[in-house]
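Only heavy atoms go into these numbers, but all of them, side chains included; no hydrogens, no water, no symmetry mates.
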Amino acid sequence: MPVTVDITCPHCAAEGRIQLPSPATIIVGPCPECNGMVAVFCGAALALDQHTMLQGESEDRRDHVASVLTQFVRERVGRLFSRDGAPDAPGDRAFPVHPEAELHVIGEPDETPVDAPISPEEVESFRTIDLRLLDNSDYFHAIFGER
């Protein structure tokens, strides 16, 4: 299912809208305004080094893109373990998230033990939030894997 995202060029701040075949798509190319090289991933435009991308060997280009994407993912994962866990902006999610959904990190001290019975509140949360989101193919595939 195609996803439309608003992006901002990290080089010149030009704003645009792009349609991705899926949220996990990676697009590498020049900004239409400044020709700076960018990688579009998970709704974000990430700056790439122009020289490496245009004149580097295939392996250098691949390693550079992998490095930029790795840094992006590390920053996102770091937010999971921050105190508030909040994204910087609404577009900071790789898939649609219900406004009432909460972030839970396994192993936090205040988390219910894994072998504890499911509480009525957890059942209600699943029924009112998660169950409805399973119908969203982007959400489903982000949680349960690719098609």
Side-chain angles (χ1 to χ4, degrees), residues 1-114 118 122 124-147:
M1 165 189 282
V3 176
T4 302
V5 294
D6 294 320
I7 59 172
T8 302
C9 175
H11 300 290
C12 70
E15 295 180 353
R17 181 169 280 177
I18 189 168
Q19 189 171 26
L20 305 173
S22 78
T25 301
I26 301 170
I27 296 176
V28 175
C31 166
E33 295 293 322
C34 71
N35 288 319
M37 293 299 291
V38 297
V40 177
F41 177 63
C42 289
L46 310 170
L48 297 173
D49 180 74
Q50 189 88 0
H51 178 76
T52 302
M53 294 307 296
L54 295 178
Q55 298 175 5
E57 297 292 324
S58 178
E59 185 175 321
D60 295 332
R61 293 191 312 257
R62 183 195 68 221
D63 289 349
H64 176 59
V65 171
S67 173
V68 169
L69 293 176
T70 299
Q71 180 62 33
F72 175 77
V73 170
R74 277 182 206 236
E75 290 170 8
R76 292 288 178 98
V77 170
R79 291 181 197 162
L80 291 175
F81 296 95
S82 69
R83 278 282 134 224
D84 62 5
D88 289 340
D92 275 359
R93 299 280 188 180
F95 51 87
V97 175
H98 190 279
E100 295 173 23
E102 295 180 15
L103 170 69
H104 295 282
V105 179
I106 295 172
E108 287 189 1
D110 60 340
E111 187 174 327
T112 306
V114 175
I118 298 172
E122 290 170 315
E124 183 62 17
S125 173
F126 176 79
R127 188 184 68 71
T128 60
I129 297 171
D130 301 306
L131 197 55
R132 284 188 284 162
L133 290 173
L134 288 179
D135 232 9
N136 180 315
S137 65
D138 292 332
Y139 176 82
F140 183 87
H141 292 292
I143 298 299
F144 298 106
E146 289 298 313
R147 302 169 212 263

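For residues 59-71, the side chain to side chain donor-acceptor pair (under 3.5 Å) pairs, not counting sequence neighbours, are Gln71-Glu75.
In terms of heavy-atom proximity, Val38 sits nearest to Pro10 at CG1-CD, 3.6 Å. Here the closest heavy-atom approach between residue Gly36 and residue Gln50 is recorded as CA-OE1, 3.4 Å. The nearest pair of heavy atoms linking Arg76 to Ala44 is NH2-CB, 4.5 Å.
Atom-to-atom distance recorded for Cys31:SG and Leu48:CG is 12.0 Å, nearest 0.5 angstrom. With rounding to the nearest 0.5 Å, the separation of CD1 in Ile18 from OG1 in Thr25 is 9.5 Å. If you take CD1 on Ile7 and CZ on Arg17, they are separated by 11.0 Å, rounding to the nearest 0.5 Å.
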> Passes side-chain contact (heavy atoms from CB on, under 4.5 Å), Val65 versus Met53? Steps please.
Replying inline: CA-CA 9 Å; Val65 171; Met53 294 307 296; 3.7 Å; yes

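At most 12 heavy atoms of other shown residues, nucleotides or ligands fall within 6.0 angstrom of atom CD in Glu57.
Two residues are said to be in side-chain contact when any heavy atoms from C-beta on lie closer than 4.5 Å; Met37 and Val28 meet this criterion.
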